[in-house]
Amino acid sequence: MERPQVISIGGSGTGLTLLAWPDRLPDIAWLGQPLDGVVPESRVSILPEHARAWLGRPGLVGHRVDGTAWSPEFTEVDVSAAADRITVHAADAVAGLGLVSEFEALESGAIRARHAVTNTGAGPYILDALDVVVPVPDRAAEILDFTGRWVVERQPQRHPIRDGLWTRENRHGRTGHDAATMLIAGVSGFDFAHGEVWALHVAWSGNSVHRLERLSSGEITLAGGELLLPGEVVLAPGEKYRTPWVYVVSSLVGLDGLSATFHAQVRAAAAPVTGAKTRAVMLNVWEAVYFNHDLDRLLALADTAAAVGVERFVLDDGWFLGRHDDDAGLGDWTVDRTTWPDGLHPLVKHVLHLGMDFGLWWEPEMVNPDSDLYREHPDWILSTGGRIPPMHRNQLVLDLTHPEAFDHLVRSFDALAAEYPISFVKWDHNSDLIDAGSSLRGGAAAVHEQTLAFYALIDDLRRRHPEIEWESCASGGGRIDLEVLERFDSVWTSDGTDPLTRQHIQRWTAQLIPYEFLGSHIAAARSHQTGRTSSLSFRAATALFGQFGIQWNLGEATPAELDELAQWIEIYKQYRGLLHSGRVVRVDVTDPGVLVHGVVSPDRREGLFGYVQLDETVHTPPAFRMPGLDPSLTYRVEEVRPDALPVSTWRGRGVEAGGAALAAMGLPAPARAPESVLVARAVAISS
């Protein structure tokens, strides 16, 4: 996708305005007068000000202790512009504030923006909110965002745009299972492949706000930024606060167009994959053994895993001092010699001998009251002072802004990495930040500083240990955003491993994140979360469209199941390159019993598609359409399946069809049992 152009127009005093979105007229400008010959789609300022008669929510909210400077009016001081970025310096001498607004046009096709405000006055300035605001054309009629909970993340919710504010506030102290993820405004009836849509995403891993506003005068805006807690940012003279990056993306071809741009951005900006560099097939032992760490049992699991083609063995929670359940041990990051008298060495040596990498679970930001760390340093937790915050899983949040606590974590991990050849870390974060006050500032709100300290910690550890791959986990998918993906190699999409639920979670998480970053595992036949039973083929075909892994006690699998599993692993390895580099497509199907999705290679000569039968269909099953291929080419389409599975389509023969026909009409999909997936490959046979 071409990089949008950013231009400067000059003038002063009327506010920074987004003329139009990427894919239309992607120009950002500081407007004094309208550009000759161009009628802006909106004159809404990128930082709307009450002083300029903006009657919606202002972009900047704050005041001085005496109540003054609450209605600033910024005037341009300087503009620096290039083909791909613009920086505007503005000031309000009366309010004693300086403003720097930055805009970057990215090669992915996205634009990102942020503001920084500096207190240039004599006394403290209390900042309540600073958001990036962008206009949306008045033809936008509907809004889509996401909600959810633990094991059911990123569920879509959609409704008409009406006058007033639609606000999604996140107060979890992390991105959250119910995160809006992004706000999408679009023309009436937009879907995956059709319609004009505009999206905004706040790249921040702490508290955040996404909002859409329509005034009675007709202006529509999308806005976002960090949600600041009371008194969290008080700027002393000369101090500055900078917002997170806010990404804006548009598409003329529906939601898949938005995803293509976001995916290009993630792939360009994400932390480089280290270690195996191939999105290794992993076995995580959590659902296999939980806290029951028995060496012989784990060695047997490793043997079976290696035999079916697993490339990485990950030891989850339960390996460290005093950790026999979730009531104790967090903070004491040394191997428990009661459970592991010889340390982890016997297991690690065996895993490496089998040709697999070794990975480890870690939850650095949390501490149990029943731990040596807490007994020695009860003042190292986030709290407002005078009381213990509410606990989840009997744990509290370690104050990463405390230098000694920060150093403790660095030293602890350095010691582990020095003793064991760790190739992968699953970084967990299981509690919301409640009563999250600074231990160094008398209990003042500290989510902002904690989030910055989290970034500093992973940045420092990546620098110290460049050989390690890092996975972001927060009770599953509770910390997924673009800022996290600049630091982590992957995310654990959800603790929910039931494939029926996972189909929806992965479908909508892919609105922001491409498949190769989404951890997706095969679990036991009977789901540990829902109790629902599913076939191995359904579990495997669901995990195929992600970063494929296993979280199943393979010691309970039959020989036939292990043989089928090994074949699914080979299928994943065969198509890993395509799945993790192509364009995600999702098909609009009117029958709620069916989902269709796929990945098409960058040259459009190959695609891998899944026809997901969720439930019985009311009518004849809808056609298996395969969009995104080159309409001028002819393709051969064949089912992809382990040899152990019965032939289910096209009488066991492949079919040939043109790319245009596959997109418009598709192939007949035979009746299938509920909770099953037909996986098909289309490959060009003509040049």
Side-chain angles (χ1 to χ4, degrees), residues 18 42 44-50 54-63 70 113-115 126-138 140-149 153-186 197-233 241 243-249 432-434 445 447-448 451 478 480-483 508 511-512:
L18 181 69
S42 174
V44 175
S45 170
I46 209 86
L47 188 75
E49 297 166 297
H50 180 74
W54 175 254
L55 299 181
R57 180 176 173 85
L60 172 64
V61 180
H63 60 91
W70 63 275
R114 65 183 178 185
H115 299 302
I126 301 169
L127 182 65
D128 296 318
L130 181 58
D131 299 332
V132 171
V133 182
V134 294
V136 175
D138 59 10
E142 296 180 90
I143 183 172
L144 169 69
D145 61 15
F146 302 92
T147 186
R149 59 174 174 83
E153 295 90 337
R154 283 165 297 285
Q155 302 300 301
Q157 53 183 13
R158 181 169 175 165
H159 59 82
I161 294 174
R162 298 185 174 91
D163 287 357
L165 269 169
W166 174 256
T167 302
R168 296 296 309 282
E169 292 186 345
N170 165 48
R171 296 177 180 269
H172 293 275
R174 55 181 180 175
T175 316
H177 296 94
D178 59 348
T181 305
M182 64 178 72
L183 289 189
I184 302 170
V197 284
W198 304 268
L200 179 145
H201 168 77
V202 178
W204 182 247
S205 311
N207 292 337
S208 64
V209 60
H210 293 72
R211 55 185 172 87
L212 178 143
E213 184 173 24
R214 186 171 74 180
L215 302 184
S216 60
S217 53
E219 291 101 331
I220 303 173
T221 58
L222 288 173
E226 182 181 7
L227 189 152
L228 298 176
L229 297 177
E232 190 162 27
V233 175
Y241 166 82
T243 71
W245 283 113
V246 175
Y247 288 78
V248 294
V249 174
D432 293 334
L433 276 61
I434 306 298
V447 174
H448 170 76
T451 305
I480 296 178
D481 57 76
L482 292 191
E483 195 66 22
W508 288 108
Q511 188 60 45
L512 180 67

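Side chains are part of it too, since the values below use all heavy atoms of this structure and drop only hydrogens, waters and symmetry mates.
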Under 4.0 Å between a side-chain nitrogen and a carboxylate oxygen: does that hold for R149 and D178?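 Salt bridge absent between R149 and D178.
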Cationic N near anionic O, under 4.0 Å, R158 to E142: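 Yes, charged N to carboxylate O under 4.0 Å.
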Over 12 non-hydrogen atoms of neighbours within 6.0 angstrom of CG in D138: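 Atom CG in D138 is not packed in, count stays at 12 or less.
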Taking the side chain as everything from C-beta on, heavy atoms only, tell me whether [X] gets closer than 4.5 Å to [Y].
X    : Y    : value
L222 : V133 : no
I220 : L212 : yes
R114 : W245 : yes
T221 : V134 : no

Check: [Y] main-chain N/O paired with [X] side-chain donor or acceptor under 3.5 Å:
X    : Y    : answer
E232 : V447 : yes
E213 : R57  : yes
R174 : L433 : no
T243 : H115 : yes

Of all residues at least two apart in sequence or in a different chain, which pass the ring-ring contact (aromatic ring centres under 6.0 Å, His included) check with W508?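 Partners of W508 under the ring-ring contact (aromatic ring centres under 6.0 Å, His included) test: F146, F192.
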With sequence neighbours excluded, residues passing ring-ring contact (aromatic ring centres under 6.0 Å, His included) with H448: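 In terms of ring-ring contact (aromatic ring centres under 6.0 Å, His included), with neighbours along the sequence ignored, H448 is linked to W204, Y241.
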State whether a side-chain donor-acceptor pair under 3.5 Å links N207 with E226.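 Checked: N207/E226 side chains show no N/O donor-acceptor pair below 3.5 Å.
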Please determine, by modelled atom types, if S205 and D481 share a side-chain donor-acceptor pair under 3.5 angstrom.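 Yes, because at least one side-chain N or O of S205 sits under 3.5 Å from a partner of the opposite role on D481.
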Closest non-hydrogen atom pair between [X] and [Y], with its separation:
X    : Y    : result
L229 : A445 : CB-CB, 3.7 Å
A203 : P244 : O-CB, 3.6 Å
W198 : A140 : CZ3-CB, 3.7 Å
V61  : L127 : O-CD1, 3.7 Å

Using the side-chain contact (heavy atoms from CB on, under 4.5 Å) rule, take I143 and L183 through it: C-alpha gap first, then chi angles, then the decisive distance, then the call. CA-CA 7 Å; I143 183 172; L183 289 189; 4.3 Å; yes
State the [atom1]-[atom2] distance between [X] and [Y], to the nearest 0.5 angstrom.
X    : Y    : atom1 : atom2 : answer
D131 : L60  : CG    : CG    : 9.5 Å
H177 : R154 : NE2   : CZ    : 8.0 Å
D163 : R214 : CG    : CZ    : 4.5 Å
R211 : S208 : CZ    : OG    : 12.5 Å
Q155 : T181 : CD    : OG1   : 10.5 Å

L200 and I184: side-chain contact (heavy atoms from CB on, under 4.5 Å), yes or no, with the steps? CA-CA 7 Å; L200 179 145; I184 302 170; over 6 Å; no
Tell me, please, which residues at least two apart from E169 pass side-chain hydrogen bond (donor to acceptor under 3.5 Å, both in side chains).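 Expected list: R171.
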Start with the C-alpha gap between W166 and H210, add the side-chain angles, then the distance that decides, and say whether ring-ring contact (aromatic ring centres under 6.0 Å, His included) holds. CA-CA 8 Å; W166 174 256; H210 293 72; over 10 Å; no
Do W70 and H50 make the cut of ring centroids closer than 6.0 angstrom?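 Yes; H50 has its ring centre under 6.0 Å from that of W70.
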Apply side-chain contact (heavy atoms from CB on, under 4.5 Å) to Q157 and R168, showing your working. CA-CA 12 Å; Q157 53 183 13; R168 296 296 309 282; 3.1 Å; yes
N170/L227 under side-chain contact (heavy atoms from CB on, under 4.5 Å): CA gap, chis, key distance, verdict: CA-CA 7 Å; N170 165 48; L227 189 152; over 6 Å; no
